[in-house]
Amino acid sequence: MRLSQTLDLDGTSIVCGHCGHGLCDKDVNWKEKAILNETPMRTLGDPYSTDEQVLLRVFSCPNCGALLDTETAMKDDPFLHDKIFT
Amino acid sequence: MSFVVATDVGGTCTDTVIVEGGKSLVIGKALSTPPDFAGGVMDSIRSAADAMQVDVKTVFDRATLFIHGSTVVDNTLIERKGARTGLITTAGFEDTLLVTRGAYGRWAGLSEEGLKHPVATDRPVPLVPFDLVRGVAERVDYKGAIVRELDEAQVEQAVDYLVDEKQVESIAVALLWSFSNPVHEQRIRSIIKARDDGIHVSISSEVAPAPGEYERTSTTVINAYAGQMVNNYISNLQKLLDERGYRGPVLVMQGYGGLLPAERAAERAVNMLECGPVAGVIGSKFLGDNMGDKDIIAADMGGTTFKVGIIQNGEIEYAREPLIDRFHYSVPKIDVASIGAGGGSLITLEEDTSAPQVGPQSAGANPGPVCYGLGGTQPTVTDVLLLLGYIDPRRFLNGTMPLDVPTTEQVFREKIAAPLGLSVEDAAIGIFRVANAQITDLIHKITVEQGLDPRDFVLHAFGGSCPMLASAFARELRVKRIIVPYTASVNCAFGLARADVMHDYSTAMTIPVPCPAAEVNAIYEPMLKEARETLKEEGFSDDKMSFKWSVGFRYALQVHELITPVRADTPLDGNGMERLINDFEALYENRYGKGSAYRDAGIEMTQFRLSAFGRVERSGFSATSPGDTDPGLALTGQRRVFVDGRDSLIETNVYDFEKLRPGNIIAGPAVIHTPITTIVIQDNQQGQMDGYKNIVIEAT
Amino acid sequence: MIDPITFSIIRHRLFRVVDEAVITLKNVSGSAITNEGHDLMVSLYRADGSLLMGGVGFLHHLTSAAEACKSIIRRFRGDIHEGDVFLLNDPYTAALHTSDVYLVAPIHFKKELVAWSACFVHVYDIGATNPGGFCPDAENIYTEGFSSPGLRLVEKGEVNRAIMDTFLNMVRSPDMVALDLNSMIACNNVARKRMRSLIEKYGIETVDETCKTLITQSGEKLRARLRELPDGQWQSRQYLSVKDEIARVELTMTKRNDTLVFDFTGSSEQSRHAINCTKWASLGGLFAPLFPLLCYDITWNEGVIKPITMIAPPGTIVNCNRPAPVSVATVGAIQSVNNAACITIGKMLSASEKYASEATAVWHANHFAVFLFGQNQHHKQAIGILTETFAGAGGARTWADGIEVGGEIPNPISRMANIETIEYTFPIRYLFRRRLKDSGGPGRYRGGVGMELSFVPHDAPDGGMHYVVSGKGAKFPMSDGLAGGYPGSPNAYIWIKNNESKTADGHSHPIRLDAMSGEKQAVDWGVFPLMGNDALYVRWNGGGGYGDPLLRPDEEVCRDVEHGLVSPEFAENVYGVAIDDKTGRLDKKLTDKKRTDLLARRKRKNGGGHAAVTNP
Ligand SMILES: [Zn+2]
């Protein structure tokens with residue numbers, strides 16, 4: 001069953017849709033278990049010239065590196081949490 | 001006697017009308033033969049010659065005028081078969097064409113369903129891809145003053161790039177404000193031509209000299225894209241006529257409603273868009289003039305579309321934001337609105353609700369409707385008309401194509417009637433009502449939208465299917481009466497035969513009123529001079545020329561202008577000027593309702609238009625004086641057909657058009673079979689054949 | 001039970017009624033925002049004010065105008081007559097902000113109230129502190145111009161001159177505002193006339209039954225669709241900045257069975273700036289994307305409103321308390337609500353195999369309300385929005401790139417004016433208006449790009465003009481991506497002071513930002529001059545991307561570079577696609593290496609895995 005375009009639900013576990021790597025239980029925010037790269041948005045280049053504090057969060061699969069999701073965020077704002085009820 | 005030969009090449013059929021001086025008019029029809037249209041043209045002329053019982057050679061020998069309309073430009077665009085085209089524009093504004101004023105080019109021309117579903121939409125693939133667009137440094141301002149001189153070295157580079165590296169065959173040039181000052185565009189054309197005379201060049205200040213750079217650029221690109229094709233087409237046509245021994249003038253129909261000599265038409269591809277249907281409106285106007293009707297709804301229903309044009313107070317309406325295949329263009333063009341509801345339109349049921357839909361998809365000519373027996377498996381409007389008894393299965397296309405009623409019934413039951421839980425008859429009646437409602441809505445849209453009331457209009461029903469539906473939908477529109485013209489099946493060719501040579505000129509300038517008449521006359525002077533010279537070159541003497549002025553007005557502050565015809569003598573004097581302004585105000589109030597004008601803001605003139613006509617000499621055709629009202633001799637029997645307002649099909653009189661005589665009156669309900677279509681007369685209506693063999697249907 | 005055929009006819013005709021009324025609105029109105037930008041809406045309502053047929057236009061008005069009808073019904077109960085037209089523009093009653101004036105009119109048949117028509121345009125001026133209606137200087141609703149919770153402007157077909165004149169007495173350019181009001185009166189007249197002829201033809205019972213069925217059917221269709229989608233909860237967050245203040249719109253959307261709850265708990269407290277929205281505005285804001293994203297094949301009416309619930313805590317930026325200022329709402333918090341809802345709906349759709357193709361990243365997330373005002377070259381006072389804000393940029397879809405400069409979801413029929421139209425109306429000269437490189441959000445499918453433009457005064461009798469800019473949110477990319485796609489780039493507004501307008505070769509008409517001399521200052525909130533040799537530069541956001549940029553085929557990235565939509569540096573840093581400097585062609589070997597390297601770095605926490613420029 002799919003959770004999103006990048007993640008699947010395997011029984012009660014959330015797994016990487018690309019390699020099947022298990023991330024966590026379905027009730028946990030999988031982002032805690034993904035690899036996070038967090039850098040100022042401005043590093044993307046000119047039209048993204050914004051404040052140092054505006055961050056791009058990139059969540060990827062610890063196993064295969066597949067891009068799982070991104071967020072535009074300020075430093076201490078919590079991760080967005082998306083879930084499917086089963 | 002001499003002949004005027006008019007041929008219209010349409011998507012499906014090529015129609016010919018031959019007018020023999022002083023005598024009647026003859027009709028020819030053949031299938032079009034794309035991509036080489038010559039075959040269809042010759043077949044169609046042969047068909048007319050047969051009807052006159054002469055050979056084709058005689059037709060060409062005695063022809064003094066050949067008039068032509070064609071769908072070639074429409075086809076070139078729709079099939080994307082035009083030249084590899086580049087675009088040179090003002091540096092800094094290279095994206096104007098591709099960006100289409102933002103989402104405008106994405107949603108323009110979409111149906112309700114499309115508009116509501118943006119995620120599924122996109123622009124049509126542009127005629128010029130981005131890598132064939134080159135900006136050159138230059139700038140003209142709103143007054144036409146040069147802010148930055150043209151950088152000619154950049155022009156050379158752009159041409160090198162487009163011609164050498166990208167191998168374009170055609171170049172469009174469209175610069176900001178070029179209609180105010182065309183020198184930079186002209187200079188660019190000289191540079192291209194000096195380098196390679198074989199490249200086609202279209203410049204926007206000539207093709208579409210009006211404000212609005214996106215639409216002007218798009219128009220110029222269309223012209224450049226189809227330019228070479230039209231050139232070839234017209235020279236092939238001329239060659240064909242030449243080989244047949246024809247030496248007279250060849251005139252080509254233009255979308256603005258007039259003819260141009262073939263040589264000139266070759267330079268204005270974009271003006272040929274939709275020229276066939278436009279000729280149909282011209283034909284309607286001619287009929288109306290003859291019959292004393294000034295307000296006409298000209299409705300034409302062919303195989304794939306239903307088209308409508310409006311004539312109001314003897315004037316033909318121009319389109320406001322014309323589109324071809326969802327591309328904008330902005331040359332003056334007679335407005336012809338259309339929806340995908342023709343004889344071949346498919347009937348489907350909406351998935352969840354089972355609500356029936358007519359069109360816009362069409363079965364085309366092949367496989368065509370189920371009843372043709374050519375493999376069509378989805379019911380069409382034609383199938384419904386057959387099931388309603390309007391089409392005689394044995395007499396279709398003059399008996400050349402027997403129709404398969406049992407299969408039609410079976411397929412219709414399976415796909416439409418059964419899912420609706422209705423009998424075949426009831427479902428067919430229902431579909432007939434849906435099609436009529438769509439047509440009524442379209443006509444409402446283009447009349448009411450302009451503040452026009454359909455009840456003031458006469459409806460002309462053209463095309464293969466329209467005479468079957470008109471008596472029903474016209475009743476809902478409550479038009480004054482319906483005319484099914486004798487030439488209903490070849491209406492566009494008929495219109496060609498009646499059109500005159502016409503050149504359109506316009507000057508954009510904003511002048512508040514009141515203003516001295518002399519100021520307006522001064523604007524017209526150079527246009528008149530040019531028009532006279534052009535018409536003279538084309539062989540028209542002064543007495544064959546006529547000129548029509550019209551002025552674009554608006555209340556200051558408003559965006560939309562209203563073109564108001566000048567009815568007073570020209571050049572204008574003080575009284576004429578006053579009358580013109582009064583006419584504008586009356587026209588405005590009539591369109592947008594009482595209280596919608598905001599006079600305190602003042603009135604301004606924004607556009608000055610001149611239509612210059614060269615009257616084409618040709619004799620008319622004469623009417624037969626009406627005789628007996630009794631149609632008894634034409635009565636061929638009875639058949640079960642659907643009568644609007646009744647719940648089922650009923651036994652109805654059937655008449656043969658060929659046996660009717662002018663003056664005959666047919667009481668509804670009744671059907672009249674012509675060699676090409678059926679004319680339906682409903683309950684509480686009667687039809688009378690007039691001296692030109694038109695059938696006039698009125699409520700009783 | 002109505003037969004499906006009559007039903008189908010009446011349904012289409014109801015849409016046509018709306019369509020014809022829209023055309024009337026445009027024909028009569030004189031302002032560019034209505035005609036060129038299509039900032040308008042017309043819709044039909046049932047006798048009780050519930051939505052019957054929503055037209056295309058700015059969709060966040062459909063539910064608010066319903067509330068406007070309902071509130072007029074409450075206020076004028078027993079005193080509503082044939083030929084009346086009511087005006088309402090108070091945001092705390094129903095409207096979105098004061099300058100989007102509603103004119104609602106009862107439709108009677110045989111003396112009985114059977115329906116309502118409603119429309120709005122953004123009027124030329126509303127008499128607020130700043131010209132044009134968007135009011136960055138407003139401290140509260142009292143400084144945001146004329147506002148009414150409901151008054152009778154037309155009484156039994158006759159305009160109440162006293163009210164009209166009082167209203168016009170309070171606004172700048174009363175001529176233009178009068179024309180706006182006339183256009184809305186004419187629009188309601190057309191809707192009434194057409195609606196009545198529909199009833200005449202089919203009978204009131206049949207029309208009424210059809211309307212009821214339409215509403216039931218829409219509700220059933222949406223509920224059926226919701227049942228097909230997985231149950232779950234999706235979140236999104238939008239940042240909005242004004243000066244030093246940063247506000248958040250937080251959304252948790254929960255879908256259970258056939259209902260949807262949009263919960264904005266956690267959103268920031270109401271702002272002291274005019275970016276707030278009232279609860280009606282928030283409700284409209286979440287429906288604007290919901291109609292085209294979930295109901296693209298369903299009639300937009302009351303039926304689709306029923307399954308939806310909104311929770312918006314009072315005192316927050318999405319449900320502010322009077323007298324908080326709200327004049328910038330439509331391009332402020334409402335737009336953040338639009339964006340947040342677009343993304344949560346997109347996430348829900350992409351969790352379904354069947355509906356994933358309907359999901360989209362955010363389109364054109366940030367309007368830039370720049371209003372020019374001053375004397376024009378024809379010596380008339382001119383006020384007007386830069387309609388480029390309606391040009392937009394498409395978000396990437398799960399199967400295709402976003403449409404370059406392709407509009408926005410909340411208004412499916414927006415567009416911008418030609419430069420020649422603008423330069424004739426305002427004393428300015430454009431230096432350039434082109435697609436903005438690197439603005440489309442990176443992804444497997446790239447977001448559509450936005451544009452950049454710049455202009456200078458030209459033939460201005462006063463030496464130039466002034467402009468009001470309500471450019472909230474310029475700090476943040478707001479066009480969120482989907483499924484890992486990056487956001488589109490943010491807006492920017494730059495005042496180039498005393499630009500000498502000289503290019504290297506001495507011509508006074510530079511065509512690039514970097515060719516322009518003079519001090520550059522970011523301006524995003526307030527009133528600023530465009531005088532003498534000043535220039536204004538504006539760039540607007542691209543759409544969000546979809547999926548992993550490293551998975552975008554290298555030939556597609558190459559084509560983007562060739563077409564000037566992506567710079568070679570951006571291609572290399574973000575997409576890992578290397579273009580050979582000399583040939584301009586793809587360097588396949590280097591690309592493979594780059595992409596492998598970026599992927600490897602992504603596996604390390606904070607390894608700079610999104611961009612090569614951040615060295616680990
Ligand atoms: Zn993985």
Side-chain angles (χ1 to χ4, degrees), chain B residues 91-95 98-99 101-104 106-107 112-113 115-120 122-123 130-131 137 139 141-142 147-148 176-177 211-215 352-357 420 430-431 433-434 437-438 441 444-445 448-449 476 555 557-560 591-593 595-596 598 600-601, chain C residues 3-5 7-9 12-13 15-16 19-20 23-24 27-28 30 35 56 175-176 178-179 182 185-186 189 217 221 292-293 296-297 358 360 390-392 397 403-407 409 412-416 418-421 423-424 429 431-435 451 458 507 509 511 562-564:
Chain B
F93 306 92
E94 290 86 348
D95 295 334
L98 300 159
V99 160
R101 291 181 58 192
Y104 191 24
R106 173 177 66 72
W107 57 258
E112 174 193 346
E113 288 69 27
L115 292 175
K116 284 172 67 180
H117 199 182
V119 170
D122 208 339
R123 297 185 179 93
F130 180 71
D131 59 342
R139 188 68 152 91
D141 79 357
Y142 70 102
V147 175
R148 178 165 184 181
L176 276 176
W177 293 107
E213 74 275 7
Y214 158 60
E215 291 84 351
D352 306 331
T353 60
S354 286
Q357 317 274 324
L420 284 174
I431 302 297
R433 287 171 53 208
V434 170
Q438 288 185 4
D441 283 349
H444 257 293
K445 186 172 144 71
V448 178
E449 186 174 287
E476 185 179 348
Y555 289 102
L557 311 176
Q558 266 180 338
V559 178
H560 288 296
R591 294 231 163 158
Y592 303 130
S596 56
Y598 189 67
D600 300 5
Chain C
D3 67 282
I5 289 155
F7 180 80
S8 168
I9 291 169
H12 281 107
R13 198 148 296 180
F15 188 81
R16 281 270 85 85
D19 198 38
E20 278 173 25
I23 288 154
T24 308
N27 282 341
V28 179
N35 268 284
V56 287
D175 285 352
M176 291 301 286
L179 215 47
N182 278 4
I185 292 170
N189 286 345
Q217 201 183 69
K221 278 180 151 186
L293 292 178
Y296 46 86
D297 54 355
E358 299 295 340
T360 177
F390 301 115
R397 294 157 286 181
I403 299 162
E404 327 294 356
V405 201
I409 293 286
I413 56 159
S414 66
R415 62 179 183 182
M416 66 175 165
N418 276 310
I419 285 166
E420 289 170 354
T421 308
E423 289 186 349
Y424 186 79
R429 187 178 83 249
L431 302 174
F432 52 86
R433 184 167 92 177
R434 67 164 74 83
R435 297 186 292 187
M451 292 184 91
H458 187 83
H507 280 291
H509 188 81
I511 58 166
E562 195 185 332
H563 287 198

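Order of the sequence lines fixes the chain letters, A, B, ..., with proteins taken first and strands second; residue numbering starts at 1 for each chain.
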Look at [options] and state which one has the largest set of heavy-atom pairs under 4.5 Å with chain B.
{"options": "Ile409(C), Val405(C), Ile185(C)", "value": "Val405(C)"}
{"options": "Glu358(C), Glu404(C), Gln217(C)", "value": "Glu358(C)"}
{"options": "Gly392(C), Gly564(C), Ala391(C)", "value": "Ala391(C)"}

*Arg16(C): what forms a side-chain contact (heavy atoms from CB on, under 4.5 Å) with it, not counting sequence neighbours?*
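Applying side-chain contact (heavy atoms from CB on, under 4.5 Å) to Arg16(C) gives Asp441(B), Lys445(B), Asp19(C).
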*With Glu94(B) via side-chain contact (heavy atoms from CB on, under 4.5 Å) - residues at least two apart*: Thr89(B), Ala91(B), Val133(B)
*Sort out for me which of Gly92(B), Pro211(B), Pro356(B) touches chain C most, counting heavy-atom pairs under 4.5 Å.*
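The answer is Gly92(B).
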Counting only heavy atoms closer than 4.5 Å, note whether [X] contacts chain C via side chain, backbone, both or neither.
{"X": "Gln357(B)", "answer": "side chain"}
{"X": "Leu98(B)", "answer": "side chain"}
{"X": "Arg106(B)", "answer": "side chain"}
{"X": "Leu420(B)", "answer": "side chain"}

So, taking the atom named [atom1] in [X] and the one named [atom2] in [Y], what distance separates them when rounded to the nearest 0.5 Å?
{"X": "Lys221(C)", "Y": "Asp297(C)", "atom1": "NZ", "atom2": "CG", "result": "5.5 Å"}
{"X": "Arg101(B)", "Y": "Tyr214(B)", "atom1": "CZ", "atom2": "OH", "result": "8.5 Å"}
{"X": "Phe93(B)", "Y": "Leu176(B)", "atom1": "CZ", "atom2": "CG", "result": "5.0 Å"}

*Can you say whether Thr360(C) sits under 4.5 Å from chain B via the side chain, the backbone, both, or neither, judging by heavy atoms?*
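Only the side chain of Thr360(C) comes within 4.5 Å of chain B.
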*Heavy-atom distances under 4.5 Å only: say whether Tyr424(C) touches chain B with side chain, backbone, both or neither.*
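Interface part for Tyr424(C): both.
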*With Asp95(B) as reference, evaluate Arg434(C), Arg433(C), Arg435(C) under the salt bridge (charged side-chain N to carboxylate O under 4.0 Å, His left out) test and give the passing residue.*
Arg435(C)
*Would you call Glu476(B) and Arg13(C) a salt bridge, using N to O less than 4.0 angstrom?*
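Yes, charged N to carboxylate O under 4.0 Å.
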